[in-house]
Amino acid sequence: MSELEKIMNDRKSVRSYDPDYKIKKSELEDLLSLATSAPSSSNLQSWRFIVIQDQEMKKELRSIANNQAQIEDSSAVIAVLGDMTAYKNVEEIYKLNVEAGYMDQSIADRTIENTFKLYPNAPKEALMNIASYDAGLISMQILLLAKERGLDTVVMGGFNKAAFAEKYNLEENIFPITLIAIGKAAAPAFNSTRLPLNRIAKFY
């Protein structure tokens with residue numbers, strides 16, 4: 001079994017955390033920076049984050065997250081958000097791509113032009129779907145990187161998103177997608193089974 005396979009196999013959804021275990025802000029910054037290597041639609045990187053470590057703020061968040069204990073007991077909660085206007089960063093992103101030697105200017109110019117033709121006119125639902133898809137990709141990176149570092153996680157979609165947006169004064173273009181609790185397990189997570197491949201995949 002490769003190291004990656006072992007990490008994937010060992011990662012479980014942990015709901016019981018050691019409340020005394022703390023993660024340094026610098027460790028969380030490093031983890032998130034590495035996670036941004038995830039792919040995203042048109043490389044627009046529509047993910048945004050709020051990282052909550054303050055104990056009182058976690059206690060307040062618990063009240064709008066279905067009273068889930070891991071919100072308060074984990075070392076931190078990473079709120080993964082989506083930005084429906086991420087396309088506004090396209091010129092900055094592709095300028096950096098050219099400067100890094102990843103593409104020539106003509107490709108960047110064409111991509112920028114196509115982005116401004118497509119994204120500003122897309123319906124809100126489509127922009128939210130794109131950001132949610134991107135959020136799923138980077139969230140999985142966060143989970144695996146955390147496990148590699150000996151940390152435990154659980155993803156939570158069950159929270160009052162309207163109340164969250166109000167509490168954290170999210171701008172109109174930003175919306176909450178999921179919460180990730182991260183810390184050290186206080187008890188082993190339950191294992192879980194998976195459906196056999198022949199039930200979920202077809203090959204032609």
Side-chain angles (χ1 to χ4, degrees), residues 1-40 47-82 131-165 167-168 175-201:
M1 186 179 290
S2 71
E3 184 62 27
L4 176 58
E5 288 172 321
K6 186 177 187 307
I7 291 167
M8 291 170 62
N9 188 63
D10 289 348
R11 187 219 58 81
K12 308 296 177 191
S13 294
V14 169
R15 292 176 173 81
S16 179
Y17 287 85
D18 177 357
D20 296 322
Y21 185 82
K22 305 301 179 188
I23 303 174
K24 293 178 182 177
K25 180 186 175 184
S26 59
E27 293 178 85
L28 292 167
E29 289 174 332
D30 180 63
L31 192 153
L32 286 177
S33 293
L34 286 168
T36 61
S37 66
S40 63
W47 44 65
R48 303 290 180 266
F49 305 98
I50 294 176
V51 182
I52 303 153
Q53 295 179 274
D54 180 81
Q55 200 59 36
E56 192 58 38
M57 292 186 75
K58 286 193 292 173
K59 186 181 294 186
E60 293 170 3
L61 177 58
R62 179 173 177 173
S63 68
I64 64 173
N66 295 331
N67 197 35
Q68 297 177 83
Q70 59 265 28
I71 294 284
E72 193 171 347
D73 294 339
S74 61
S75 302
V77 176
I78 301 171
V80 185
L81 320 172
S132 297
Y133 187 86
D134 292 348
L137 294 169
I138 198 167
S139 293
M140 194 68 237
Q141 298 250 101
I142 291 169
L143 304 188
L144 295 177
L145 285 166
K147 193 62 192 175
E148 184 188 39
R149 286 156 171 71
L151 300 170
D152 297 292
T153 54
V154 65
V155 178
M156 297 162 284
F159 64 103
N160 188 326
K161 294 178 173 62
F164 183 96
K167 179 173 179 56
Y168 291 96
F175 67 101
I177 299 171
T178 197
L179 304 174
I180 301 174
I182 182 168
K184 278 281 189 180
F190 291 109
N191 213 331
S192 57
T193 59
R194 295 294 184 268
L195 292 170
L197 190 62
N198 62 12
R199 289 277 302 281
I200 61 172

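- Here the closest non-hydrogen pair linking Thr178 and Gly157 is OG1-N, 4.0 Å.
- Residues satisfying the side chain to side chain donor-acceptor pair (under 3.5 Å) criterion with Arg194, sequence neighbours excluded, are Ser192.
- Atom CG of Asn9 sits about 5.0 Å away from atom CE of Met1, to the nearest 0.5 Å.
- Inter-residue side-chain proximity for Ile180 and Val77 is flagged as unmet; no heavy-atom pair is nearer than 4.5 Å.
- Among pairs with a residue in residues 12-27, those fulfilling side-chain hydrogen bond (donor to acceptor under 3.5 Å, both in side chains) read Lys12-Asn191, at least two apart in sequence or across chains.
- In this structure, Ile182 and Leu31 have side chains that are in contact, with non-hydrogen atoms separated by less than 4.5 Å.
- Applying the side-chain hydrogen bond (donor to acceptor under 3.5 Å, both in side chains) test to pairs two or more places apart or on separate chains, those with a residue in residues 149-161 are Asp30-Arg149, Lys147-Asp152.
- Atom-to-atom distance recorded for Leu145:CG and Leu32:CG is 9.5 Å, nearest 0.5 angstrom.
- Within the 4.5 Å cutoff, side-chain heavy atoms of Arg11 are placed close to those of Met140.
- Lys58 is linked by a side chain to side chain donor-acceptor pair (under 3.5 Å) to Gln55, counting only residues two or more places apart in sequence or in another chain.
- Under the rule for a salt bridge (charged side-chain N to carboxylate O under 4.0 Å, His left out), Glu148 has no partner lying at least two apart in sequence or in another chain.
- Between Lys184 and Ile23 the shortest side-chain heavy-atom distance does not fall below 4.5 Å.
- For the side-chain hydrogen bond (donor to acceptor under 3.5 Å, both in side chains) condition, the pairs that include at least one residue of residues 62-82, sequence neighbours left out, are Arg62-Asn67, Arg62-Glu72, Gln68-Gln70.
- The distance from the CG atom of Leu28 to the CZ atom of Phe49 is 11.5 Å, given to the nearest 0.5 Å.
- Among pairs with a residue in residues 133-160, those fulfilling ring pair (Phe, Tyr, Trp, His ring centres under 6.0 Å) read Phe159-Phe164, at least two apart in sequence or across chains.
- Two residues are said to be in side-chain contact when any heavy atoms from C-beta on lie closer than 4.5 Å; Val155 and Leu143 meet this criterion.
- By the side chain to side chain donor-acceptor pair (under 3.5 Å) test, Ser2 is found to be paired with Glu5, residues two or more places apart in sequence or in another chain being considered.
- The side chain to side chain donor-acceptor pair (under 3.5 Å) search around Asn198 returns none, not counting sequence neighbours.
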